[in-house]
2 protein chains.
Amino acid sequence: MAAEAGISRGTVSRVLNNEPYVSETARRAVEAAVAKVGYVRNAAARNLVTQRSRAIALIVHEPHSVVLDDPNIGNILIGTNAVLSDADHQLVTLMIDSQRDSDRVIEYLRGGFVDGAIILSARTGDPISEAIAELGLPASFVGHPPDAPAIPFIGIDNRAAAEAIVERLVATGRRRIGMLASGLDRDSGQDRLAGFQAALGDLFDPALVVRHPFYSYAAGAEGMAELLERDPHIDGVFAASDAVAAGAMDVLHRQGISIPEQVGIVGFDDSSWAIRCTPLLSTVRQPAETLGRRAAQQVLDQLLDGGEAPDGVILPTEIVWRASA
Amino acid sequence: MAAEAGISRGTVSRVLNNEPYVSETARRAVEAAVAKVGYVRNAAARNLVTQRSRAIALIVHEPHSVVLDDPNIGNILIGTNAVLSDADHQLVTLMIDSQRDSDRVIEYLRGGFVDGAIILSARTGDPISEAIAELGLPASFVGHPPDAPAIPFIGIDNRAAAEAIVERLVATGRRRIGMLASGLDRDSGQDRLAGFQAALGDLFDPALVVRHPFYSYAAGAEGMAELLERDPHIDGVFAASDAVAAGAMDVLHRQGISIPEQVGIVGFDDSSWAIRCTPLLSTVRQPAETLGRRAAQQVLDQLLDGGEAPDGVILPTEIVWRASA
DNA sequence: TTGTATGCGTTATCAG
DNA sequence: CTGATAACGCATACAA
């Protein structure tokens, strides 16, 4: 390449990086040679000397339950990508589906393929989170932090949001209120349950909490059937997500129970499920795209501002009051 | 690092790569030193000399319509990741959401960050596909190939599948059959429309084809309303996807039209939408996970077998006959 | 079996 | 403004 332009490698490098102090003559010679040879600079060599890759990883755990069922992930991705794209960084999404994946991803992170990472739906004791903390890799969690206090996060207050929406369920006169709880292995799931309990106070009855690992339609259908069996006189339901609520509503319909007259029901997420129920579902809106944007910004800030990790941030949620309760 | 073990760098390298011809003594010394220093080898340096990264890109176009609404993408991802994981390669997902993203991804590919690529939902004249062909990067399309004949693909026969399911719609006595067509800017969308027309023969009426850019619930709802306006006596509908079908069914219900008595309807994908309709939706099942697996395998084959690009492969689909038609 | 020397393709640091 | 030259951290051919 340098030979092709008849110019030293140093000057070629300067031209390619738009550095000042390079003559028009040299610039044109290089550009011509580049076009002729179809030259493209090698990233590995560049990363080796600059110690940066201009790439940020977005790590997603467990595709079965998360990628497939979580309506927020798409919007989080869009927000993250938009911010990184503006900053001319490449977003690379890494999926973890097995122990082996986890080990390989850690290797990938340690290998310097990325300058930072955003972690979705981490769980406590997550090896990835530990590896990142240990590496000192600039990072940010979307959602509540596990026990890696060194890493900042962007989240919502699941507990307060759950409490708020359930409170209004109570305010409309419901007294036998059950919960279809999902994802209790994560803080978000636990917090929604805690908010539910807080809103109910004395009305809370642990027997009316049905647990399921996933936030799925099927979980809602099975859970609702179970709930009706435990107490046929249920008059309110808080579903851990809109998909869960949709499953529950179909079971209620099938049993001839009217919504919201006999049973009021509310969900979480304000996803596409919420607007294709009959009646339309009251739910909590998560600012998914903003979560993604802010997380990306947090990582970029650490990259530029010398690695100082910012604090965690809680974004407000909004209750969307529709017809189901 | 070499100093820490009191051993030459050459031997250290051999130990780390599990090469033969290295004594137990040396191996143990290196392992001890690695553990002590917390050593991890630099990927950039390694890639520079080996000219490989052991990473494969999966490129997704347009997250709004694809990531968010396509029920297949999750399973494709799972299949791809499973195969690459077994081969000890890292899958990195790249999302394209703008012209800028497209340019950056091309840079990323050219920079040698990945050894191969899998392209989802490419469209004809796609700059990414052209760049890959030009680079000679081992690659595979999931879905029909655009006009880049050098790149192999894994797909389904959208035309035949559409034709098959519509034929049975005809066989059940429907005569005024409409189509809610989506994604006509891609081959898959065009092929489904072609199959629809082929199955109908003389019954085909272009006025009964309603077009929409996306495969969404909303597209189905709007499209069905439009279709009923064009001909209130419609008795059959082929929706380009299950989500579209779901939207259409809700409109039919709302207008008091019974399914399948007055109108028979069929979809495409066999996604979660299909089993939460009333009645359950008859549809075409796509082997999404297998598509992902095979695409990954095609890329790996090119990596190992010296770059010879295999031919395209068409996987069979299956009609799932339920109650909606 | 092990050490030594060389090169991978850039950027960065100097003199010029 | 430009051209040498030294890293960057690893793999590898060759010599020992």
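Note on naming: letters A, B, ... go to the chains in the order of the sequence lines (proteins, then strands), and numbering restarts at 1 for each one.
Distance alone, capped at 3.5 Å, is enough to place a donor-acceptor pair between the Arg100(A) side chain and the Asp86(B) backbone. At least one donor-acceptor pair closer than 3.5 Å links the side chain of Gln302(B) to the backbone N or O of Ala139(B). No side-chain donor-acceptor contact under 3.5 Å links Gln190(B) to the backbone of Arg186(B). With His61(B) contributing its side chain and Met95(B) its backbone, the two residues share no donor-acceptor pair below 3.5 Å.
For the pair Arg41(B) and dA11(D), the criterion of a side-chain N or O lying under 4.0 Å from OP1 or OP2 is met.
Taking atom CZ of Phe113(B) as the reference point, atom C1' of dG9(C) lies 14 Å away to the nearest angstrom. The nearest whole Å value for the distance from the CG atom in Asn17(B) to the P atom in dG9(D) is 17 Å. With rounding to whole Å, Leu16(B) atom CG is found 13 Å from dT12(D) atom P. Separating the CZ atom of Arg54(A) from the C1' atom of dT11(C) is a distance of 15 Å, rounded to the nearest angstrom. Rounded to whole angstrom, the span from the CD1 atom of Ile7(B) across to the P atom of dT1(C) amounts to 14 Å. Remark: C1' of dA15(D) and OH of Tyr21(B) are 16 Å apart, rounded to the nearest angstrom.
Legend: residues meeting side chain to side chain donor-acceptor pair (under 3.5 Å) with Ser53(B), ordered by chain and number and at least two apart, are Asp115(B). With sequence neighbours left out, the side chain to side chain donor-acceptor pair (under 3.5 Å) criterion links Asp185(A) to Arg123(A).
Annotation: of the two residues near DNA chain C, Asn42(A) and Ala26(B), the 5′-most nearest-nucleotide partner is Ala26(B).
Asp301(B) and Gln297(B) are linked by a side-chain donor-acceptor pair at a separation below 3.5 angstrom, with hydrogens and angles left out of the test. There is a side-chain donor-acceptor pair under 3.5 Å between Asp101(B) and Ser85(A). In the model, Gln99(A) has a side-chain atom that pairs as donor or acceptor with a side-chain atom of Asp103(A) under 3.5 Å.
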Polar atom pairs (N or O), protein with nucleotides 4-6 of chain D, under 3.5 Å:
from: dA6(D); atom 1: N6; to: Arg9(A); atom 2: NH2; distance (Å): 3.2

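Here the nucleotide nearest the side chain of Tyr39(A), chosen from dG3(C), dT10(C), dT12(D), is dT10(C).
Residue contacts for Val40(A): at a heavy-atom cut-off of 4.0 Å it reaches the sugar-phosphate backbone alone, with no base atom in range. Base contact: Ser13(B) has a heavy atom under 4.0 Å from a base atom.
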What donor-acceptor contacts under 3.5 angstrom involve side-chain atoms of residues 10-20 of chain A, with partners at least two apart or in another chain?
from: Thr11(A); atom 1: OG1; to: Ser8(A); atom 2: OG; distance (Å): 3.3
from: Asn17(A); atom 1: OD1; to: Arg46(A); atom 2: NH2; distance (Å): 2.9
from: Asn17(A); atom 1: ND2; to: Ser13(A); atom 2: O; distance (Å): 3.3

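Five base pairs at each end of the helix from dT1(C)-dA16(D) to dG16(C)-dC1(D) define two local axes, and these are offset by 40° (rounded to 10°).
In this structure, the side chains of Thr93(B) and Val60(B) come closer than 4.5 Å at one or more pairs of heavy atoms.
Taken residue by residue, residues 43-53 of chain B places heavy atoms nearer than 4.0 Å to DNA chain C at Leu48(B), Val49(B), Gln51(B).
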